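These figures come from a predicted structure and were not determined experimentally. Both ligands and their constituent atoms are indexed starting at 1 by order of listing.
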Amino acid sequence: MGSVSMATPVQELATDGQDPSERYNYGGSGGGALNASVPLVEIPTVDVGSLISSPSAANHELQKLSLALSSWGCFQVVNHGMTDSFVDRVHEISKQFFDLPKEEKHRYIREPDSIEGYGTDMIVAENQTLDWIDRLYLTLNPPNQVQLKFWPEKPETFREVLHEYSTKLQVLHDVMLKAMAKSLKLDESVFLRMIGEPVIMSARFNFYPPCPRPDQVLGLKPHSDGTVITFLLQDKEVEGLQVLKDGQWFRVPVIPDALVLNAGEHLEIMSNGEFKSPIHRAVVNSERKRISLAAPSIPHDGNEIEPVEGLVSEERPRLFRKMKYNGRTHLRYYQSGRRVVDDARI
Ligand SMILES: O=C(O)CCC(=O)C(=O)O
Ligand SMILES: [Fe+2]
């Protein structure tokens, strides 16, 4: 594999209104994701309040959850316990950070061979088509892996709000993984044990500047997340997420203050394919910038991920072999279009 290098933040290219260079052009091979031709679809919603209430309400919600993950691989998490005003503060710090002068943002620039910090995605191959996106990537948990030097000091509330968001997401992550196990009639801690505790979670602030050629350029190319699960806080006003189901792309609507939960490839493996890790992409538009905040969880390095015992039987043969998780290798999967589930499939 080629060496890793850096590109100029897209936000800096985008300010002069010129057409993007060839390096961003997907041409006919995946760009051109014009919204008008892609239908909008209501992906299922899961109500966290019901999940943790009386057994009968919870059972109904568990069924919805498992159906959502086996058909779409994603759902909208509603009634998650975070107030609208708190979620607004999260939107606000995200926007304020990307609005800072370039020099201020560059204080947090990613180092070439590392993932944390501000900048573009990694360039791992000369001929890689680039995505119209800048990111700020920060480890949230466990606390001893947090690199505070990458956490912006401006806006002033950034660290405090992100810390609070992180604390709330750790709790929600636990609730969700337990609910997923219960919905498959498994011991509730089975997934948490396999990925390892404490949960390893990060925050990826995705910034998509307006793009003069949304017909040829993509914010994020089609991919599935190499994660356990990913919580995604979409931009409140600007749509852009699309998900592939049965060979057809669908636009995922914005439900203000809901979180989209995407099943990651490791969840697909652990569930022996009962849950699907959906292929999705982000499209851009020529008028408005868009910001989303993804919070992926990943297994501990060295942990072995495989279909859990209760889901393998004569009727349900094992679909995936055992894989030892290695974060550094997985970093490159996205850019090279590789999928963990394909590598692991028997
Ligand atoms: O911006 C979005 O809506 C999608 C983000 C995403 O898929 C990711 O960060 O993995
Ligand atoms: Fe994704």
Side-chain angles (χ1 to χ4, degrees), residues 10-11 30 33 35 38 40-41 43 69 72-77 87 90-91 94-95 97-98 110 115-116 118-122 130-140 165 169 201-211 214 217-245 249-268 275-285 288-298 327 330-341:
V10 178
Q11 195 175 9
N35 282 354
V38 177
L40 192 71
V41 75
I43 60 167
L69 290 181
W72 288 94
C74 57
F75 53 81
Q76 306 259 15
V77 185
V87 176
V90 179
H91 284 298
S94 316
K95 180 174 174 304
F97 172 75
F98 290 107
R110 179 168 74 72
I115 186 162
E116 288 209 39
Y118 167 68
T120 53
D121 276 348
M122 286 182 173
L130 301 181
D131 293 327
W132 196 256
I133 186 175
D134 295 328
R135 300 180 186 239
L136 173 66
Y137 190 109
L138 303 169
T139 298
L140 295 178
Y165 186 58
L169 282 187
M201 193 184 278
S202 47
R204 232 168 27 209
F205 295 80
N206 300 314
F207 180 82
Y208 309 92
C211 177
V217 173
L218 282 171
L220 280 178
K221 56 181 151 279
H223 67 282
S224 46
D225 292 345
T227 63
V228 179
I229 60 173
T230 309
F231 289 112
L232 183 70
L233 181 62
Q234 287 211 73
D235 194 296
K236 249 180 120 154
E237 290 161 10
V238 186
E239 217 186 88
L241 175 65
Q242 300 188 347
V243 62
L244 189 69
K245 184 172 187 281
W249 287 105
F250 293 95
R251 283 148 58 208
V252 177
V254 173
I255 301 185
D257 304 316
L259 295 170
V260 174
L261 187 153
N262 272 330
E265 295 173 315
H266 296 284
L267 183 63
E268 179 167 338
F275 296 155
K276 306 279 182 292
S277 176
I279 296 193
H280 55 286
R281 66 184 180 186
V283 302
V284 288
N285 74 85
R288 302 186 70 181
K289 63 187 178 201
R290 174 169 181 268
I291 300 175
S292 68
L293 171 53
S297 64
I298 54 171
H330 281 115
L331 271 186
R332 292 169 178 266
Y333 271 50
Y334 169 74
Q335 292 302 353
S336 46
R338 255 169 97 179
R339 298 185 76 208
V340 185
V341 280

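Rounded to the nearest 0.5 Å, atoms NZ (K95) and NZ (K236) are 13.0 Å apart. Distance check: D134 CG to Q11 CD gives 6.0 Å after rounding to the nearest 0.5 Å. Put simply, CH2 on W249 and NE2 on H280 are 8.5 Å apart, with the number rounded to the nearest 0.5 Å.
Ligand 1 lies under 4.0 Å from heavy atoms of R204, N206, Y208, L220, H223, D225, L232, L241, H280, R290, S292, A294.
Checked options V87, L232, L169; the residue passing with L259 is L169 (criterion: side-chain contact (heavy atoms from CB on, under 4.5 Å)). Applying side-chain contact (heavy atoms from CB on, under 4.5 Å) to L233 and the options D257, I291, L293 leaves one that passes, L293.
Judged by distance alone, the side chain of N262 and the main-chain N or O of C74 form no donor-acceptor pair under 3.5 Å.
Ring-plane geometry between F97 and Y118 is classed as perpendicular, the angle between the planes exceeding 60 degrees on a 0 to 90 degree scale with a lower cut at 30.
In this structure, V228 and L267 approach most closely via the heavy-atom pair O-CB, 3.3 Å.
Because its NZ or CZ atom is not both nearer than 6.0 Å to the ring centre of Y137 and within 45° of the ring axis, R204 does not count as a cation-pi partner of that residue.
Within the protein, the N, O or S atoms lying under 2.8 Å from the Fe ion (ligand 2) are H223 NE2, D225 OD1, H280 NE2.
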